[in-house]
Structure formats: structure tokens, C-alpha cells
Protein chains: 2
Amino acid sequence: MKIAVDAMGGDNAPASVVEGILKTRDEFQDMEFILFGKLNQVKPLVKDSTRISFVQADEEIVMNDEPVKAIRRKKNSSLVLAAKAVKEGEADALFSCGNTGALLAAGLLLIGRIKGVQRPGLLSTLPVVSASQGGFNLLDSGANADNKPEYLYQFALMGKYYAQSVRGIENPRIGLLNNGTEPHKGSKLTQTAYQLISADKSLNFVGNVESRDLTNGVCDVAVADGFTGNAVLKAIEGTASSVMHLIKDSVKDANLFAKLGALMFKPSLMGIKERINPARYGGAVLLGVKAPVVKAHGSSDAQTVYYTMKQIKTIIDGDLLAKFEETFHQEKHEDQ
Amino acid sequence: MKIAVDAMGGDNAPASVVEGILKTRDEFQDMEFILFGKLNQVKPLVKDSTRISFVQADEEIVMNDEPVKAIRRKKNSSLVLAAKAVKEGEADALFSCGNTGALLAAGLLLIGRIKGVQRPGLLSTLPVVSASQGGFNLLDSGANADNKPEYLYQFALMGKYYAQSVRGIENPRIGLLNNGTEPHKGSKLTQTAYQLISADKSLNFVGNVESRDLTNGVCDVAVADGFTGNAVLKAIEGTASSVMHLIKDSVKDANLFAKLGALMFKPSLMGIKERINPARYGGAVLLGVKAPVVKAHGSSDAQTVYYTMKQIKTIIDGDLLAKFEETFHQEKHEDQ
């Protein structure tokens, strides 16, 4: 398999991106990479170019570029060239740590939807309290601000196949993010989505779930409209980070005795910080487009890039997209 | 001022409710209370009934009652009788720790909207990292699942007056909860709401805010549709609780040395737990109805009931509702 890599996206690019790619390349003999970027910066970082090729990109899409405009105008950017390589079948997946909106736009406009998928959705993986569960998937976590019930139903199907194929959960518990657990609860959107999802007996639907129970592991896949999903994702990340921040501050303000205690307890606290580090759970995946489009955090280090590459490999090895094509082509057919 | 109290609502009712009321009564000579509930349970808890009266309520609305049905059918419930007392001018505010949906329904259907207010909104107060800011207000945090841009604009106005009058913030920073900070971002709903809010120069509008920055204190009042606001509120509460839970678990799993450290550091951790305890920030207030309707957490203890009573006193002392009437009656006039 061959991965098209936007080597210029992210706070630590291209160094961390390239370092993560090299580590992945050394471990997996069946993986090849095309690095898109400013080659005077990228090439010196690669001593051994086994299974790595390079494409010069004169432009870069930066964080405050307006996504759709950037995709249309910066035709020689590392992201656009990488996306085009995927579109033209030269690579099997697209990876970037850069501008999320631009990556989504590249996925939607350049790579394109799978036939039958109404709206691709962004799937994120987030931590839960129980270490054995590993995490939960939230989708849509930000691709679609305005939604129809049918989109949410398709997110439930895509989330199920992802959890099965990539996370190895045989019969993933699907929850619908709502403002109460009772079946009648919610907005017009979630009330209708509830009907659609619960009517599909192939889904292990556990009903409505509330955002306060997500980190407690109430479901394996939480289905949400992309506006609410994005807000919940960022609320979870922000709150976790704020609590860790409060702990850090409280050490500063503590007396010597408590400071010493904090020092002795520090390894446990660092373990928790690592447990709730979103980067640890891999990248966000745009599901429903014709190839895996994967976004890692802007602040990703080489280790996170490596984790995310393993995630992409699992997606491709599990043939997730074939499953989508089969499901949604068929659905389209039934509609007619 | 006289407060109508649903003495039967909440996990620890009527004991904690009554205890909190007695503490408030002893401190504030200008406060009177009517306790609605099963008097064979309530009366024995009150030794000194100075400025306290009682009304027998044969029924109770419980947590899993369907709100609107419960309000219509359980006409002799403590909540319905208390709401009717407010409606008939026998009391100035309504308080309950019980079923939130039923309390909202009682506020909307029995007490009624202020003329000119399109939809009342539920205002919650949540913690921020910086101790000096004290917290931020989120509204609507759950009264309206389906929204129009005009509702959000009115939430901005109500939130401003609340922050001024109750929290003493002269020129509160109003943010619009959105999925990005740029003005063009968001759903159709938030894009239009942005236009309406930014056009009102009487508001100190700081633009779009993301949920990850709320606990960092990015604004004093975050305006949201009630569906997203509810999801964000519960995500913040759930995540804060999950992180504290992880810390507790990590102590159990730690070696003796780290356990000792945790013990020495415990007072600081307990301080953080208290800082992020939502109950500490008072009750949720339904704004836009003809009297303050205030909900404290179901798990409220006497201290929380006492805090929430002080909050109600501040709302009444600050004449917040007169401000709403003036603003929204006038707006109505301008519309015509």
C-alpha cells in the first residue's frame, strides 16, 4: 500500500512528519510513502529513501486559510497534490497534520464521495475511563454543520464497520448523542434519526446517549450531527486539559509538604495525562470518501504520526472501503 | 420576597432542601418560603417555622416522568402547586431540585413567557480555570432542542443582563458557541445568529468561541442553541468527573510511595474537585419567564440549596425581570 503524505502540514512539519514516516517504513515492509512538500526541507531529513518517493510542492496551505478557497487556489500545495495523487490511484490514502477544513475539502472535492454515501462524516476516537474499552468513536465530529436524519443513519453504519474492522469490536454498541436517554427525546433531527437507526436490526443500537456518559464508555460508537459532535469533542478535550492545568497550578500554590506529595504521585498523574491525550488515539478519519483521508493533530510528534500510520494500515488491511461500497451501493439500489 | 419551594424534588429531598431553606431563612430577614410537599415528611424537619409556610401536595413528579404529561396530569404535585403559587402572585420565584424537564414545562406552561421573549432559555454557570473569573454562563443549556437565530440573539441579551445584574460584570463578554472562531464558520443557524448578535452594538460581542476554550474563560456568557448547549454542559461535567475518577483509580493502582504522595497532595486535589463541582456555581435559571425558575442539581445538599437561594435573592434584588420586560416589550414594539 502507498500513502500520500502532506509533509508540510502541522506545527512540527516537516521534521516530525518525516521522522514518523521513517519509523513506520522501517517496521512495515508492505508500506510505501510519497512525501509532498518543499523538497529542500524534506529531502535532507531522509537519509535512506527505501520505499519513499518525493514530489515537490511549491505552496503550503496554512492554518488560517479558508478551506475551500485554499483547495481551489493553491493548486501546487502539498495537500492538493497529495489528494490528487490519491484521486488518480497513485496512492491508497491521504494523510495530513495540517488545516482540518482544507483536508476535509480535499477529501470531498478532490477524492470524492463513495456512491450512495450522502455525506462523509469525520470519525474521532476519544478516551474512556475504563482502560479495557480503549476508547469510543464519535462521528460526525465536524465534517457537516447542517444535517439530515439520513446522514446520521449512515454515520451509524459507517461507525459500526469502522469499529468492527479497525478496532476489532465484533458487535459495537451504537449510541445516538441526544439531550436525554428516553426514545422521545431530542430535536426533530435526532427524533427522526432515532427511528431510522432503531429500525435497522443489523445495528446493535443502545438508544440515546448523553455526552456526560461518553467518557464512561456508554457506547463504542456515538453518532452525532457534525455541529454537536464537534462541540462535544472540543468540550471533552478542553475540559480534560483544563483539569490537568488546575492540578499543575495547584502544585505551584501548594505548601512544601503537598508539593513533595505531588512529586511522589507525579508518575501516576503523567500516566493519566497520557491516557487522556487525544493524540494517543490516532487520527480523525473522514469516512465515506473513496480513500482513507486521515488527519492527525496539528501538534503531532513523530510517535503520533507513527500511530496514525498504523491506523491507516489497519483501515486498508481491513478493506473498510470495500465494505462501505458494498453497503451504500446496495442501499442506493434499494432506494430506486 | 417569597420563594415557592418544591420540597420533594431531588435525591435528598425533603431533608436537604428543608435544611438549606432553614439556613437561608436564618441569614436573610427579608426572605420568606412556602414549602410544597408531603407535610407529614416536611413539617417534622422544621422546628421553628418563622417566615415559613406549608402547602400539602399529595403527588410527586419523579425523575422518569414525561415532563409535559406530568405537569398536566399531576395537578396536586409539589412542583405544579408551587408553580401555580408563583403564577398567582403568591410567590416571587420557583425552586426545585427535581425533574428538570418538568420544571421547565412548569415555567413555560404555568408561569409563562415574558411578552416579547420568543423562547425562554436555560442559563447554567460553569467553572473556568482562572479563579478570578469565577465561571462562565452558558445559555441555552437545554430548554430548546430546535432553534431559530432570533432565539440565540435574545439569549445573548438575557445573558448579558444576567451577568451584569447577578454576577456584577459591568460589560460581559458575549461569545457565540460555534465550530470555529472565524465569522463565516458554522451552521446556517449560527451564521445568521452571528449577524444578528454582531449587529447589536450594545453587546460586547467577542465573536465565535469554541467549546474547548470555554473552561479557559474565553467569554463570560456563551450563547448556544439548547441542543448543543446541553451537550457541551454535560460533556464538561462528565469529563471533569471522569478525570477525577481516573485520579482516584490511579491511587488504588499505585505503589506505596506514590500512594503516600497522593495522600500528602490530597488537600490540593480536594480543592480542585470542589472548584469544578457544578453545584458550587448555583442553580440553572430559566430566563425569559415571568418569575425566576431555578433548578439545583438533583444531588444537591443543604449547602447547595443555600447557595442557590442566595442566587435567587440576587436575581430578585437586581430586578432582572424588570430589565427583561423593558428590553423585550420594547423590541416587540420596534418589530411592529
Side-chain angles (χ1 to χ4, degrees), chain A residues 64 66 101 128-129 142 145-146 177 179-180 182 184-190 210-216 224 226-228 230-247 249-251 253-254 257-269 271-272 275-276, chain B residues 64 66 101 128-129 142 145-146 177 179-180 182 184-190 210-216 224 226-228 230-247 249-251 253-254 257-269 271-272 275-276:
Chain A
N64 54 9
E66 202 281 299
V128 294
V129 168
D146 290 295
L177 186 68
N179 59 2
E182 304 87 341
H184 67 269
K185 277 276 184 171
S187 60
K188 284 172 199 149
L189 175 68
T190 53
E210 292 191 280
S211 57
R212 72 156 65 85
D213 299 319
L214 293 175
T215 50
N216 280 329
F227 189 86
T228 312
N230 189 262
V232 165
L233 170 80
K234 289 171 178 167
I236 291 174
E237 289 185 1
T239 306
S241 148
S242 287
V243 175
M244 295 314 283
H245 195 95
L246 279 174
I247 293 173
D249 280 357
S250 82
V251 177
D253 301 340
F257 185 73
K259 268 198 173 80
L260 183 63
L263 197 67
M264 290 158 68
F265 188 51
K266 196 175 175 184
S268 298
L269 288 176
I272 293 168
R275 270 286 300 285
I276 62 179
Chain B
N64 53 10
E66 202 282 299
V128 296
V129 168
D146 290 295
L177 187 68
N179 60 2
E182 304 88 340
H184 68 269
K185 277 278 184 171
S187 60
K188 285 172 198 149
L189 175 69
T190 54
E210 292 189 280
S211 57
R212 73 155 64 87
D213 298 319
L214 293 175
T215 50
N216 280 330
F227 190 86
T228 313
N230 189 262
V232 165
L233 170 80
K234 289 170 179 168
I236 291 174
E237 290 185 359
T239 306
S241 147
S242 288
V243 175
M244 295 314 283
H245 195 95
L246 280 174
I247 292 173
D249 279 358
S250 81
V251 177
D253 301 340
F257 184 73
K259 266 197 176 79
L260 182 63
L263 196 66
M264 292 158 69
F265 188 49
K266 197 176 176 186
S268 298
L269 288 176
I272 292 167
R275 270 286 299 286
I276 61 179

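Note on naming: letters A, B, ... go to the chains in the order of the sequence lines (proteins, then strands), and numbering restarts at 1 for each one. Only this structure's heavy atoms are used, side chains among them; waters, hydrogens and symmetry mates stay out.
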Query raised in the report: What residue in B:Thr215, B:Asn230, B:Asp146 has the most heavy-atom pairs under 4.5 Å with chain A?
Result: B:Asp146
Query raised in the report: So which of A:Glu182, A:Glu237, A:Lys188, A:Lys259 has the largest heavy-atom pair count under 4.5 angstrom toward chain B?
Result: A:Lys188
Query - When B:Gly101, B:Ala254, B:Ala145, B:Ser187 are compared by non-hydrogen pairs under 4.5 Å with chain A, the top option - result: B:Ser187
Query - Side-chain touch A:Ile247/B:Phe265, heavy atoms, less than 4.5 angstrom - result: yes
Requested in this report: Pick one of side chain, backbone, both or neither for A:Thr190, based on which atoms fall under 4.5 Å of a heavy atom in chain B.
Outcome: side chain
Query raised in the report: chain A: which of B:Leu269, B:Leu246, B:Val232 shares the most heavy-atom pairs with it under 4.5 Å?
Result: B:Leu246
Report task. Answer with side chain, backbone, both or neither: which region of A:Ile236 has an atom nearer than 4.5 Å to a non-hydrogen atom of chain B? Result -> both
Query raised in the report: A:Leu214 versus chain B, heavy atoms under 4.5 Å apart: side chain, backbone, both or neither?
Result: neither
Requested in this report: Quick one: pull up CE in B:Met264 and CE in A:Met264 and give me the separation to the nearest 0.5 Å.
Outcome: 5.5 Å
Query raised in the report: Quick check: are there more than 12 heavy atoms from other residues, nucleotides or ligands sitting under 6.0 Å from NZ of B:Lys266?
Result: no
Report summary line: Answer key: most heavy-atom pairs under 4.5 Å with chain B among A:Gly271, A:Ser268, A:Ala240, A:Ala235 is A:Ala235
Report task. Would you check if the side chain of A:Asn216 reaches a backbone N or O of B:Ser242 as a donor-acceptor pair within less than 3.5 Å? Result -> no
Requested in this report: Using modelled atom types only, decide if a donor and an acceptor are shared between the side chain of A:Asn179 and the backbone of B:Gly142 within a distance under 3.5 Å.
Outcome: no
Query - Pairwise distance NZ(A:Lys234) to CG(B:Asp213) - rounded to 0.5 angstrom - result: 9.0 Å
